[in-house]
Amino acid sequence: MKLYPLFADLAGRSVLVVGGGTVGERKAAALLDAGASVTVGAITLTPTLQIWADAGRIAVRTGGFEDSWLDKAWLVIAATGDPVLNRHIAMLAGQRRLFVNVVDDADLSSFHVPAVVDRAPVTVAISSGGEAPVLARLLREQLETLLDPALGPLAALASRLRSHIRERLPELSARRRYYEHLLTGPVLSFLRRGQPALAEAEAEQSLAAAATRSIGSVVLVGAGPGDPGLLTLRGLRALNEADVILHDRLVSGEVLALARRDAERIEVGKQAGHHHATQGQIHALLLEHARAGRRVVRLKGGDPFVFGRGGEELEYLRAHGIPYEVVPGITAALACAAYAGIPLTHREHAQSVRFVTAHCQGSHDTLDWAALAQERQTLAVYMGVSELGTLQERLLAHGRAESTPFALVENGSRTGQRVVTGTLDAVAALALTHEVRSPALLILGEVAALASSLAWFGEPPLGEIRSRECETRASGVEPRRWPLLAAAVHRA
Ligand code: SAH
């Protein structure tokens, strides 16, 4: 941050504006609005400044600038249009430790005057640190259209009710929820329509209702595979409203960064073998925070209902009478397939797709290997990389062809995504050669061959699909080599 933003209380404080032209007039007007006691020092005044002077709204120093003009000032604005004089004023102010603004000269200024959106008592101030004032002004125009004109009266109403609100809703999260209701609900509409009495009545009524409601809620949110662009709008909204976020290890930092800043974040990540929190502890945390009246987001990688134990958590919440919602997310199979250029189904090559997990030894024995080994279907295998050997061996034993293509997608959709391609007989060995690490998803089936021709994200796939025959058969088109694609992108 280049400048430290602060809002100054100038009520009754003396501020000197040097320069009596239109710029000086504009500065004086804004200072008067803030209740400052304004002195304008100038040789000549604009007609408006003269009227204000005659009416006693501003004090005036006439004639050439004198050092003594600075004597009582808290702040100085140099708006003379004479660079030499402006520099002189800035230097003198600096010697006296007075904050000075030299109009249109960021270097000489020790404070800047921001572009302002005024919804008094709410004020939004924008600064580009003097680097791009036009951009700051454009932003101001955008915010003008975004911020409801009734925001000012709403803040005034909230200020009148403030101690009442504190008393009825001692818990911060409940107050936050109530203020959100003020901001998005009927109170603002009444104010916008010029019906302050109705607005006040509605605000009182909803305050009484909020005070009797103390139970919180849980939203189970799918965070997607990592790329924050794959989060749903509903998921984003839940993150913005959360008081507490219990998140898995797989949730990316970029997604977490979108959450409300002051939401409490608790990592309850689980990694095969290294449990940060047991499922029982997660349940207990959900219950504790919801019962305290908080809005809890349970944020899970991918989709909460795909190998995410979301079902167990809902059963627990239902049994304890906690209200909940579920926001789906893009599961790893869909994301990895998309970001590796592999259509999971294809009219010619795969008529079905199965999502399978093989996370631990025990789960291998419950899988129907004969069904999984069938041709013309795609397997999306969520798993620890160490399980690949068993998977390869069992699928081959049940008749899947050695030449079946696979793509192993590591860190799908994230920067650093890697795709390793090959055929089933070499999957475990290739994963070892390329040191594939978790999180990684295996896509196995005829369609995986398309990765070599349709890939578009990150680095090109590593490893060749050994059987060219298999590759062209699956894709139906000559594989396009990566450098060609890269060149095409470059030209575009
Ligand atoms: N609920 C999650 C899956 C949790 S199981 C979902 O719907 O995606 C965890 C497994 O998902 C990992 O072992 C890995 O196989 C897979 N996975 C999750 N995110 C991934 C990513 N970004 N890239 C590759 N695989 C991923």
- Candidate list Glu171, Glu180, Glu325, test salt bridge (Lys or Arg N to Asp or Glu O under 4.0 Å), partner Arg295, passing option: Glu180
Of all heavy-atom pairs between [X] and [Y], which one has the smallest distance, and what is that distance?
| X | Y | value |
| --- | --- | --- |
| Val15 | Ala36 | CG2-CB, 4.0 Å |
| Val385 | Ser438 | CG2-N, 4.1 Å |
| Tyr178 | Ser206 | CE1-OG, 3.7 Å |
| Asp243 | Arg176 | OD1-CD, 4.3 Å |
| Phe305 | Asp303 | N-OD2, 2.7 Å |

Nearest-0.5 Å distance, [atom1] of residue [X] to [atom2] of residue [Y]:
| X | Y | atom1 | atom2 | result |
| --- | --- | --- | --- | --- |
| Ile89 | Leu70 | CD1 | CG | 7.5 Å |
| Glu144 | Asp118 | CD | CG | 8.0 Å |
| Ile245 | His289 | CD1 | NE2 | 11.5 Å |
| Leu314 | Ile322 | CG | CD1 | 12.0 Å |
| Glu202 | Leu188 | CD | CG | 11.5 Å |
| Asp248 | Ile282 | CG | CD1 | 6.5 Å |

- Message: Taking the six-membered ring for Trp, are Trp74 and Phe99 closer than 6.0 Å centroid to centroid?
- Response: no
Any donor-acceptor pair under 3.5 Å linking the side chain of [X] with the backbone of [Y]?
| X | Y | result |
| --- | --- | --- |
| Thr46 | Thr22 | no |
| Glu410 | Arg437 | yes |
| Lys300 | Gly222 | no |
| Thr331 | Leu334 | no |

- Could you walk me through whether Gln142 and Leu139 pass side-chain contact (heavy atoms from CB on, under 4.5 Å), step by step? CA-CA 5 Å; Gln142 284 186 0; Leu139 270 175; 4.1 Å; yes
- Evaluate the side chain to side chain donor-acceptor pair (under 3.5 Å) criterion for residues Asn86 and Thr80: first the C-alpha distance (whole Å), next the side-chain angles of each, then the deciding distance (0.1 Å), finally the verdict. CA-CA 7 Å; Asn86 281 349; Thr80 69; 2.7 Å; yes
- Task: If the plane angle is over 60° it's perpendicular, under 30° parallel, otherwise tilted; pick one for His283 and Tyr316.
- Result: parallel
- Task: Taking the side chain as every heavy atom from C-beta outward, state whether Val327 and Leu220 have any atom pair closer than 4.5 Å.
- Result: no
- Non-hydrogen side-chain atoms of Trp52 and Val38 separated by less than 4.5 Å: no
- Check: Glu459/Gln417 side-chain N/O donor and acceptor closer than 3.5 Å: no
